[in-house]
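Following: one structure in structure tokens, then a few remarks.
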Protein chains: 2
Amino acid sequence: MHHVNFQPKSTLFEQGDEAGSLYTLTSGTVRLHYDLPDGRRQIVGFAMPGDFLGLSLEPRFGITADALTPVTACRFDRHRFMNLIDKHPNLMRKMHEVASHELAIAQEHMVVLGRRRAEERVASFLLKWWQRLKRVQGNTPTLPLPMGRQDIADHLGLTIETVSRTLARWMRERIILDVPDGVRILDAAKLEDVLGN
Amino acid sequence: MHHVNFQPKSTLFEQGDEAGSLYTLTSGTVRLHYDLPDGRRQIVGFAMPGDFLGLSLEPRFGITADALTPVTACRFDRHRFMNLIDKHPNLMRKMHEVASHELAIAQEHMVVLGRRRAEERVASFLLKWWQRLKRVQGNTPTLPLPMGRQDIADHLGLTIETVSRTLARWMRERIILDVPDGVRILDAAKLEDVLGN
DNA sequence: GGCGGCGCTTGATCCCGATCAAGGAAAGCC
DNA sequence: GGCTTTCCTTGATCGGGATCAAGCGCCGCC
């Protein structure tokens with residue numbers, strides 16, 4: 001196990017690569033995505049400090065992971081990590097907990113992609129990102145958005161124009177405020193109303 | 001651990017219930033879905049014989065599971081199963097393998113929901129269902145569809161009309177054939193062409 | 001300073017799939 | 001048999017979000 005650094009836009013691992021490593025993020029934000037051969041892209045999630053990458057037991061990575069910001073992480077060799085696990089059985093349990101939590105999150109996101117309208121999707125994204133940030137940085141109304149508009153669109157199954165228009169409208173309505181590299185949440189209740197639950 | 005039976009349309013467990021049990025299906029088909037308070041529904045998957053249900057370690061079920069056909073399953077008490085796991089550590093590993101495979105499937109389905117057009121979604125569904133059936137029943141061009149059109153729509157993020165029209169067109173074009181309680185695949189290559197990879 | 005590039009916004013128009021609306025076919029039930 | 005119910009199909013129309021098309025603002029670079 002050793003520390004590794006990644007520059008913004010660099011790749012941790014790619015869709016189809018042999019899954020030889022396992023990472024835990026210590027700083028920065030990572031984009032996880034599945035690319036279709038014709039260029040369409042689905043971002044299945046964003047990883048933050050504390051998150052694990054590549055903990056699946058599939059022989060190859062199903063998705064690509066690349067850095068949105070400077071990233072620091074701990075890299076483990078897959079085989080050595082598995083040996084470590086044999087000595088510490090509760091580590092396996094921890095891995096399964098993380099994986100099954102990820103599965104629950106993935107299922108919730110399927111609802112967003114399959115059944116939510118554009119405005120609801122953007123509200124869901126802002127609120128979920130905000131919640132995750134709170135757990136890492138404590139409560140702040142200001143959320144940094146290290147991902148670009150196109151990334152948000154590719155996460156939500158929308159186009160960049162729809163994301164941009166929705167955020168622009170909320171800025172006009174004083175629900176959010178434009179700040180450098182992010183937004184400030186002025187009226188979280190309004191966003192929750194949009195979701196209707 | 002003991003065997004349990006479920007009638008069609010009966011519920012194995014519901015979204016929000018305390019996750020006290022764990023099942024492995026021995027026969028029948030189960031529908032797994034997440035329901036929004038306003039009635040919109042996303043079917044996150046269908047379970048077949050051999051599949052595990054409720055292997056997540058979250059304290060409550062995030063989804064509802066109900067039987068589409070008569071179902072037989074083995075039910076395990078959550079706590080007892082966990083004790084069993086402490087004695088057989090490789091069982092934990094197996095659980096994690098299953099969960100991380102499910103996660104990979106969920107991520108692929110996000111691409112379908114977020115970035116595929118209607119026709120591609122239906123083709124993806126037929127081909128994936130066909131593949132799963134092959135593993136259970138061996139190779140047959142005839143695939144039973146225990147789920148209704150509305151279920152397929154709720155799985156693919158479409159309306160029942162779009163699913164019905166797409167299948168109807170493929171029947172006219174002799175790509176599939178209408179058979180009682182399912183379809184027969186006449187030209188799998190055409191369906192793969194629709195997906196374009 | 002001027003220039004280019006990139007990411008984002010904004011407006012105009014289009015179209016795929018949703019919605020609305022009948023109608024048909026099969027199964028269950030009296 | 002006749003009735004209801006449920007599921008599916010088919011047609012007509014609509015609309016949300018995609019697409020097409022500029023234009024803007026900022027940053028880095030020469």
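In what follows, every chain begins at residue 1, and chains take the letters A, B, ... in the order their sequences are listed.
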Residue set satisfying side chain to side chain donor-acceptor pair (under 3.5 Å) with B:Glu119, at least two apart, ordered chain then number -> B:Arg169
With A:Arg165 via side chain to side chain donor-acceptor pair (under 3.5 Å) - residues at least two apart
none
Set of residues satisfying salt bridge (Lys or Arg N to Asp or Glu O under 4.0 Å) with respect to A:Asp17, sequence neighbours excluded
none
Can you list the residues that meet the salt bridge (Lys or Arg N to Asp or Glu O under 4.0 Å) rule with A:Asp178, with sequence neighbours excluded?
none
Output side-chain donor-acceptor pairs under 3.5 Å for residues 58-70 of chain B, partner residues at least two apart or in another chain, one line each.
residue, atom, partner, partner atom, Å
B:Glu58, OE2, A:His101, ND1, 3.0
B:Arg60, NH1, B:Gly16, O, 2.5
B:Thr64, OG1, B:Gln15, N, 3.1
B:Asp66, OD1, B:Arg31, NE, 2.8
B:Asp66, OD1, B:Arg31, NH2, 3.2
B:Asp66, OD1, B:His33, NE2, 3.4
B:Asp66, OD2, B:His33, NE2, 3.1
B:Thr69, OG1, B:Thr29, N, 2.9

With A:Gln150, which residues qualify under side chain to side chain donor-acceptor pair (under 3.5 Å), at least two apart?
A:Asp154
Using the 3.5 Å cut-off, write out each protein N or O paired with an N or O of nucleotides 20-23 of chain D and the distance between them.
residue, atom, partner, partner atom, Å
D:dC20, N4, A:Glu161, OE2, 3.0

Bend of the helix from C:dG1-D:dC30 to C:dC30-D:dG1 from end-axis comparison, five pairs per end, nearest 10°, comes to 30°
Can you tell me if A:Thr162 touches the phosphate of D:dA18, counting only side-chain N or O atoms and a distance under 4.0 Å to OP1 or OP2?
yes
Any residue meeting side chain to side chain contact (heavy atoms under 4.5 Å, CB included) with A:His79, in chain and number order, not counting sequence neighbours:
A:Asp77
By salt bridge (Lys or Arg N to Asp or Glu O under 4.0 Å), B:Arg40 pairs with (sequence neighbours left out) A:Glu120, B:Asp38
Residues forming a side chain to side chain donor-acceptor pair (under 3.5 Å) with B:Arg184, sequence neighbours excluded:
B:Thr142
Looking at DNA chain C, which of residues 111-125 of chain B put a heavy atom within less than 4.0 Å of it?
B:Arg117, B:Ala118
